[in-house]
Amino acid sequence: MPFIGVDRNAVLQFLILFLAIPAQLLLMEYFSNSKAERESSTATLMQQVSFQFAKYSSVKYWKDKCGKMLQWIGIRSVLVSINENYDTDSLLQRSSDADQEGLERLKNYYGKVGLEFNSEDYKKTRSDKIKFRVGQVVRHKIWGYRAVIFGWDDFAKASEAWLSKNHPKNKPHWRNQPQYLLLVDTRDLPEGAITYVPQENIQLIVDTKIVNENMNELFEYFDGSQYIMRPWLKSIYAEDG
C-alpha cells in the first residue's frame, strides 16, 4: 500500500543507504573485484531498488491494481449469474414449456373448426406433396376469399362425420390430399372465419395483406411476400421458416 503521512523521498534515501553496504559485500564476494565494476554494479542495483520502490509506493499503481481486481470480480459475478440463470436443465425446461404452450394454441385453433389436434404430431415434417407453406397468402378458388396459411396436414385429419359434412360426396379424393388451416380476411368474411381446406381449392396470391384480429398472435410481420411466423408457431412448422 502507499505510505500515508510519510515522506517517500526520505524513506527511499534510508533504504538506499541501508542496502548499500550489504549490496557492496555481495558484489565483492560473487562478482568482479574491480573497483570500477563494483561501483557500476552498485549504482545499477540502487537504481533498480529506487525504481521498484517508487513503483510499489505509487498511488497510481495500487489504484490500477485495485481497479483490475474489482473489474475481474465484476466479470466473474456476471458469469456466475449467467451460469445460474441459464443452466442446461433450465433451458430445456423453458423450451419444453414454450413448445407445450404453442401446442395448446394450435389445438385451440383446430377446435374452432371442429377438429381434434393430435399433440404427438406436433413436429410437422413436410412431404413432397405439400405445395404451400405457413405464412403464404392464398385465395380460395371456389369461394374467392383471401386468407393466410397458418397450419397444414398431409391429409385430412378429421372425423368421418366432419368429412361428410364439409366435403361433397363427389370429391372423395379431397380427404387424401394436404389440408390447410386458413385464417380468413375479415373484409371477405366479416366473422373472420378459420377454415380447413384441401390443397386443390387454394391458389397463391402476392402483395396482399390479411386483416384479422388473430394475425398478431400467429405472425410477427409481413415481409412483402409472406407473413413471418412467431417462434411458437415456427417451432411446430420449422421446415416452413
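All of these numbers come straight from a predicted model, not from anything done at the bench.
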Taking Arg146's backbone N and O only, do any of them form a donor-acceptor pair with Asp188's side chain (distance below 3.5 Å, no angle check)?
yes
Donor-acceptor pair, distance only, cut-off 3.5 Å: does the side chain of Ser235 make one with the backbone of Leu233?
no
Residues Asp154 and Lys129 bridged, charged N to O under 4.0 Å
no
Would a distance-only check, ignoring hydrogens and angles, find a side-chain to backbone donor-acceptor pair under 3.5 Å from Thr186 to Leu189?
no
Within-4.5 Å side-chain heavy-atom neighbours: Ile149 and Leu181
no
Do Ile202 and Lys141 have side-chain heavy atoms sitting under 4.5 Å apart?
no
Let me check something: do Val134 and Tyr221 share a hydrophobic cluster, defined by ILVMFWY side-chain heavy atoms less than 4.5 Å apart, either directly or through other members?
no
Working note: Glu160 + Arg175, criterion side-chain contact (heavy atoms from CB on, under 4.5 Å); need CA distance, chi angles, decisive distance, verdict.
CA-CA 10 Å; Glu160 192 63 36; Arg175 66 179 63 194; 3.2 Å; yes
Assess whether side-chain contact (heavy atoms from CB on, under 4.5 Å) is satisfied between Val137 and Leu204, documenting all intermediate values.
CA-CA 6 Å; Val137 180; Leu204 188 66; 5.8 Å; no
Using a 6.0 Å cut-off, check whether atom NZ of Lys112 has over 12 heavy atoms from anything other than its own residue.
yes
Flag yes if more than 12 heavy atoms outside Gln203 fall under 6.0 Å of its CD atom; otherwise flag no.
yes
Check: Asp185 and Asn212 side chains under 4.5 Å, non-hydrogen atoms
no
Ring centres under 6.0 Å, that's the criterion: do Tyr196 and Tyr180 meet it?
no
The reported gap from CG in Leu182 to NE2 in His140 (rounded to nearest 0.5 angstrom) is 7.5 Å
If we only count heavy atoms from C-beta on, is the Met229 to Asp240 side-chain gap below 4.5 Å?
yes
Any carboxylate oxygen within less than 4.0 angstrom of a Lys/Arg side-chain nitrogen, looking at Lys131 and Glu200?
no
Passing candidate, ring-ring contact (aromatic ring centres under 6.0 Å, His included) with Tyr237, options Trp232, Phe219, Trp152, Phe132
Trp152
As a quick check of understanding, evaluate side-chain contact (heavy atoms from CB on, under 4.5 Å) for Tyr145 and Arg139, giving each step before the final call.
CA-CA 6 Å; Tyr145 61 75; Arg139 185 187 302 276; over 6 Å; no
Separation between CD1 (Ile236) and CD (Glu239), nearest 0.5 Å, reads 13.5 Å
For residues Ile194 and Val184, determine if any side-chain heavy atom of one lies less than 4.5 Å from a side-chain heavy atom of the other.
no
Inter-residue atom distance Arg105.CZ - Glu217.CD, 0.5 Å rounding:
5.0 Å
So Ile210 and Leu183, do their side chains get closer than 4.5 Å, heavy atoms only?
no
Spell out, yes or no, whether Val211 and Ile205 are grouped together once hydrophobic residues are joined by side-chain heavy atoms under 4.5 Å, including indirect joins.
no
Under 4.5 Å between side-chain heavy atoms, hopping through other hydrophobics if needed: is there a path connecting Ile228 to Val148?
no
Aromatic rings Trp174 and His167: how do their planes relate, parallel, tilted or perpendicular, breaks at 30° and 60°?
perpendicular
Phe222 and Met215: side-chain contact (heavy atoms from CB on, under 4.5 Å), yes or no, with the steps?
CA-CA 10 Å; Phe222 183 69; Met215 289 297 294; over 6 Å; no
Ser225 side chain near Gln136 side chain, heavy-atom distance below 4.5 Å
no
Minimum-distance pair of heavy atoms, taken over all atoms of Gly135 and Gln226
O-CB, 3.3 Å
Please check this pair: side chain of Asn108 against backbone of Glu104, looking for a donor-acceptor N/O pair closer than 3.5 Å.
no
Is a donor on one side and an acceptor on the other found under 3.5 Å between the side chain of Gln179 and the backbone of Asp153?
no
Determine, using ring centers only, whether Phe150 and Tyr109 are less than 6.0 Å apart.
yes
